[in-house]
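Scroll down for the structure; my scribbles are underneath it.
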Amino acid sequence: MLDKTFDPKTAEPRLYAAWEASGAFAPTDDPAAEPFSIVIPPPNVTGSLHIGHALNNTLQDVLIRFERMRGKAALWLPGTDHAGIATQMVVERQLAAQGNQSRRDLGREDFVAKVWEWKAQSGGTIVNQLKRLGASCDWSRERFTLDEGLSAAVRKVFVQLYKEKLLYRDKRLVNWDPHFQTAISDLEVEQREVEGHFWHFAYPLEDGSGEIVVATTRPETMLGDVAVAVHPTDERYQHLIGKCVRLPIVNRPVPIVADEYADPEKGSGAVKITPAHDFNDFAVGKRHNLPLISVFDDFAKINDNAPPEYRGLDRFEARKKVVETFEALGLLRGIEKTRHVVPHGDRSGVVVEPYLTDQWYVAADVLAQPAIKAVEEGATVFVPRHWEKTYFEWMRNIQPWCVSRQLWWGHRIPAWYGPDGKVFVEETEDEARRQARELYGRDVDLRQDEDVLDTWFSSGLWPFSTLGWPEKTDDLRRFYPTHTLVTGFDIIFFWVARMMMQGIHFTGEVPFKRVFINALVRDASGAKMSKSKGNVMDPLELVDEFGADALRFTLTAMSGQARDIKLAKPRIEGYRNFGTKLWNATRFCQMNGCARAEGFDPAAVKAPLNRWIVGETARTAQAVTAALADCGFDEAANQLYRFIWNRFCDWYVELAKPLLNGADAAAKAETQATTAWVLDVVLKLLHPVMPYITEELWAQTADLGAPRGHDGFLMTARWPDLGPELIDPAADAEIGLIIEAISEGRSVRAELNVPNSARPSLLIVEAGEAQRRVLDAAAPLIAQLLRVAEVKSVDAAPEGSIPYVVEGVTLALPVAEFIDLAAERARLAKEVAGLAADIDRTAKKLGNPDFVARAPEEVVEENRERLADAEAAKAKLESALARLTAAG
RNA sequence: GGGCGGCUAGCUCAGCUGGUUAGAGCACCUCGUUUACACCGAGGGGGUCGGGGGUUCGAAUCCCUCGCCGCCCA
């Protein structure tokens with residue numbers, strides 16, 4: 001006998017361990033099985049599971065379990081990425097907290113060794129958390145972006161791109177993070193609106209004939225100014241173009257140039273030009289052949305290109321000093337408050353500087369073309385479709401991708417420099433040496449590039465590097481392209497786009513056929529969860545409180561496409577209750593001998609009730625299958641909820657009770673067998689979403705009746721394939737009538753306050769032959785569920801009985817002695833009014849010649865029937881109301 | 001400034017290609033210890049589907065427009 005409730009705390013770890021030990025997470029070896037593969041979006045190795053991971057991985061697990069049960073060779077390949085900046089930050093912080101040296105003191109080799117040490121200790125955190133969710137990843141294939149194999153892939157890709165001239169070294173402005181002293185990509189820059197100032201500076205003309213005023217939000221950059229630009233058509237400045245101003249403080253003559261970049265509407269119309277510290281100015285500088293004067297060092301402190309008294313100052317101190325000096329010189333023409341957008345590093349949070357450095361770039365615009373085409377042509381499909389727009393938008397405006405980072409943790413760039421700076425890009429140092437020897441005619445000292453690659457450079461290879469590429473492995477042949485990628489829209493640019501570019505370029509095929517974009521999880525009030533707001537929900541705490549299944553079901557049911565998920569505890573609790581409901585339904589079945597029958601054929605059952613539930617089960621199976629095949633996760637979950645609770649538990653089980661306790665041995669046996677069959681189907685259908693409780697019920701009902709013909713886990717059982725022939729419209733109609741008769745009857749009783757203990761008869765006043773037969777046959781069911789003494793036909797409703805109409809049948813409850821006549825009159829009047837409104841609406845429709853002429857015949861017919869039914873019902877109730885009024 | 005998404009019951013959301021009396025869960029009210037389940041059962045109240053136009057015999061659903069709210073890009 002089952003316990004009263006399911007205990008996730010003990011069952012979950014036990015079941016997970018058993019699944020894993022059985023090897024069920026690995027794809028089947030069956031060569032005939034169609035492959036279905038998913039690669040996990042690798043979480044940061046520093047990470048711990050947040051609710052977004054929980055959603056994303058639940059959906060992947062639902063898919064992979066579903067396809068596995070459908071007989072596919074289902075592979076869910078897990079792993080983590082090395083998360084360059086994030087990981088380096090964690091370890092540096094740890095070193096500092098322990099009072100240890102900084103990474104620079106420690107030296108590169110020792111520091112990297114420390115990071116590996118850290119990874120060995122803490123890197124498995126998120127992986128273990130995924131297991132608690134029930135993720136059925138094939139852990140034997142787990143990968144890490146810095147694994148040897150994946151690193152070899154990175155080197156190969158780098159070298160090949162270089163040789164194809166799609167990767168090159170260039171000196172240009174990058175987004176420089178002075179906190180980490182590294183370049184970061186455009187995508188890692190957050191534009192934040194902040195309070196700031198416009199400082200208006202006067203630059204004296206060199207010939208002493210006057211001054212020109214420029215405004216800036218970054219005064220310190222004036223130390224690197226090389227020009228002042230005015231609009232070529234700006235009347236005010238025509239005579240000054242070609243002249244020079246003498247830059248205050250620096251005392252450098254700089255030219256006044258004409259460039260359309262200067263906006264005559266803004267400020268004075270003149271703008272200072274600092275090509276080494278501003279992206280727009282850089283372009284202006286190029287057009288006018290201006291020099292680049294960088295005045296910062298890697299820490300954004302003032303360097304030796306500035307006057308001595310500024311050197312070594314932090315950029316913000318320098319700003320202050322520049323402003324003070326201008327004021328002292330009498331050249332400060334005004335200060336204006338302003339709100340403006342300032343770039344910040346998304347990891348460091350400090351203001352990012354445009355900074356002139358040598359970096360490696362990928363010609364993303366070239367790689368993007370086939371990646372755009374693949375989505376245009378449908379080789380890869382986004383679900384929901386509209387995310388394609390986001391993808392196209394970015395891909396069509398793509399900029400060169402800066403892939404080098406001034407970090408130590410990551411894939412070191414496979415480029416070596418000779419004594420003269422000549423670069424050798426090769427997969428190994430040996431090969432670089434060989435090339436160098438050939439060139440120089442002797443062995444020379446080679447110095448490897450200090451930098452590492454952007455983490456996304458390696459995670460962009462994830463779908464194929466994890467399968468063994470560049471080796472031509474069996475896995476690669478079998479599982480690439482992968483089938484579905486499940487990820488959040490926030491990394492369409494970061495990751496999806498790069499996998500598309502690199503995947504197509506290096507394998508000739510798209511990395512995945514379908515990209516399912518999941519929603520973003522927010523707190524109950526719709527705010528993005530963040531540690532600083534203190535509104536984060538820890539998925540593991542939720543698992544502790546409600547069980548993994550409840551959390552999974554909640555996330556699945558709420559994963560409605562393209563929207564935010566506002567997660568609230570009551571919802572999770574509700575779905576925990578849903579699990580308990582199923583558990584108790586199974587318990588009921590167990591107590592009532594609902595055992596699987598040998599050779600049970602759902603198509604052959606006789607009792608209408610059983611035929612009905614078989615049909616409902618088939619309908620549900622079809623709907624759930626179709627939904628899951630289409631990434632309609634919420635639809636699948638809601639179908640299951642409705643079927644299990646509102647159909648199976650509320651009606652089937654209740655209606656089955658009389659049969660199960662009845663004298664008709666054949667009907668009883670059939671009902672027991674049917675119930676057991678339905679339960680088995682339900683467990684399978686629900687398993688992808690609620691794997692633990694279903695697996696446990698599967699095990700606990702294993703020896704209930706005939707063997708299943710599959711003695712393994714539920715997770716490896718065959719997915720139900722139930723055809724439409726199992727649906728019997730006649731049974732639907734019969735059971736529908738019975739359910740309506742009971743529901744409406746209950747409504748009447750409740751509204752009229754008929755005591756629960758009362759056992760009136762249910763009178764069939766008016767009904768068709770078939771309907772009368774149905775109600776007669778169902779008399780025991782109705783008697784029990786409606787709490788009536790009997791069901792019998794009468795010629796006319798007796799005085800004081802309460803009539804109600806369902807499906808054209810007039811029924812009545814003779815409960816005169818219990819009721820308050822006023823209450824009944826009110827009830828009847830309300831019913832009549834409702835019907836009158838319906839009649840009105842429908843009659844109006846049918847009275848419209850356009851409607852009758854243009855609407856499809858079946859819609860017109862439907863309305864005619866509705867009108868007739870409503871009119872008949874109304875007439876019956878009206879006469880009852882009249883009698884009642886006369887009586888009272 | 002451009003793009004996207006949302007606005008349906010007190011709350012969270014369904015409602016797909018136009019025809020339902022506009023649904024569910026939670027919350028609320030009434031009743032209930034009927035041997036699966038109080039993490040339950042039965043019943044009930046509650047919505048002019050953001051505003052305004054339009055297309056149509058018919059619009060929560062399609063089109064236009066406006067208004068908020070949110071996100072992304074500049």
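Sequence lines set the chain letters: A, B, ... in the order given, protein chains first and strands last, and positions in each chain run from 1.
Here A:Lys9 does not pair with A:Glu12 in a salt bridge; the nearest charged N to carboxylate O distance is not below 4.0 Å.
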- request: Kindly determine whether A:Tyr575 and A:Asp549 satisfy side chain to side chain donor-acceptor pair (under 3.5 Å), including the steps that lead there.
  value: CA-CA 8 Å; A:Tyr575 290 128; A:Asp549 290 327; over 6 Å; no
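Summarising the geometry, the separation between CD1 on A:Ile742 and P on B:rG43 is reported as 10 Å, rounded to the nearest angstrom. Atom pair A:Met395:CE and B:rC73:C1' shows a separation of 16 Å (rounding to whole Å applied). To the nearest angstrom, P of B:rC11 lies 15 Å from CE of A:Met558. Going from atom CD1 of A:Ile492 over to atom C1' of B:rC71 covers 12 Å, rounded to whole Å. The separation between A:Phe489 atom CZ and B:rG6 atom C1' is 12 Å, rounded to whole Å. Spacing between atom CG of A:Asn175 and atom P of B:rA74 amounts to 10 Å, rounded to whole angstrom units. A:Asn397 places its CG atom 13 Å from the C1' atom of B:rC72, with the value rounded to the nearest Å. Rounded to whole Å, atom C1' of B:rC72 lies 17 Å from atom CZ of A:Phe392.
When the P atom is compared between B:rU35 and B:rU30, the two are found 25 Å apart, to the nearest whole Å. Rounded to whole Å, the separation between the P atoms of B:rG50 and B:rG10 comes to 13 Å. Rounded to whole Å, the separation between the C1' atoms of B:rC71 and B:rG54 comes to 30 Å. Rounded to the nearest Å, the gap between the P atom of B:rU33 and that of B:rG70 is 50 Å. To the nearest whole angstrom, the two P atoms, one in B:rC64 and one in B:rU48, are 27 Å apart. For the C1' atoms, the distance from B:rC40 to B:rG25 is 16 Å, rounded to whole Å. Between B:rG19 and B:rC26, the two P atoms lie 28 Å apart (nearest whole Å). With both ends at atom C1', the span from B:rA14 to B:rG47 equals 15 Å, rounded to whole Å.
Within a 6.0 Å radius of CZ in A:Arg619, more than 12 heavy atoms belonging to other residues, nucleotides or ligands are found. The number of heavy atoms from other shown groups lying within 6.0 Å of CD (A:Gln191) is above 12. Counted within 6.0 Å of CZ on A:Arg759, heavy atoms from surrounding residues, nucleotides or ligands total more than 12; the atom is thus considered enclosed.
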Please produce a list of atom pairs where a protein N or O lies less than 3.5 Å from an N or O of nucleotides 2-4 of chain B.
unit_1	atom_1	unit_2	atom_2	d
B:rC4	OP1	A:Lys389	NZ	2.9

- line: Scoring nucleotides 28-42 of chain B by protein non-hydrogen atoms under 4.0 Å (B base, S sugar-phosphate only, - none) yields ---SS-B-BBSBSSS
query: Using a cut-off of 4.0 Å between protein heavy atoms and nucleotide atoms, how would you tag nucleotides 19-24 of chain B 5' to 3' with B, S and -?
result: BSS---
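For the pair A:Val342 and A:Arg192, the minimum side-chain heavy-atom distance is 4.5 Å or more. A 4.5 Å side-chain heavy-atom check between A:Leu485 and A:Phe516 finds every atom pair outside the cut-off.
In terms of the side chain to side chain donor-acceptor pair (under 3.5 Å) criterion, residue partners of A:Asp544 (sequence neighbours excluded) are, by chain and number, A:Arg132. By the side chain to side chain donor-acceptor pair (under 3.5 Å) test, A:Thr390 is found to be paired with no residue, residues two or more places apart in sequence or in another chain being considered.
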task: Map every base of RNA chain B to its dot-bracket character, where paired means a Watson-Crick or G-U wobble contact with both distances under 3.5 Å and | marks a partner outside the strand.
output: (((((((..((((.....[...)))).(((((.......))))).....(((((..]....)))))))))))).
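With hydrogens and angles ignored, the 3.5 Å screen pairs no side-chain donor or acceptor of A:Asn56 with any backbone N or O of A:Asn518. A:Asp630 places no side-chain N or O within donor-acceptor distance of the main-chain N or O of A:Gly632, the cut-off being under 3.5 Å. Remark: the backbone N or O of A:Gly547 is not paired with any side-chain donor or acceptor of A:Arg552 at under 3.5 angstrom. Counting only distance, with no hydrogens or angles, the side chain of A:Asp365 and the backbone of A:Ile398 share no donor-acceptor pair below 3.5 Å. Using a distance-only test at 3.5 Å, with no hydrogens or angles considered, no donor-acceptor pair links the side chain of A:Arg596 to the main chain of A:Trp677.
Each of A:Glu744 and A:Gln191 has a nearest nucleotide on RNA chain B; the 5'-most of these lies closest to A:Glu744.
Each of A:Phe546, A:Tyr641, A:Phe6 was checked for a ring pair (Phe, Tyr, Trp, His ring centres under 6.0 Å) with A:Phe578, and the lone residue meeting it is A:Tyr641.
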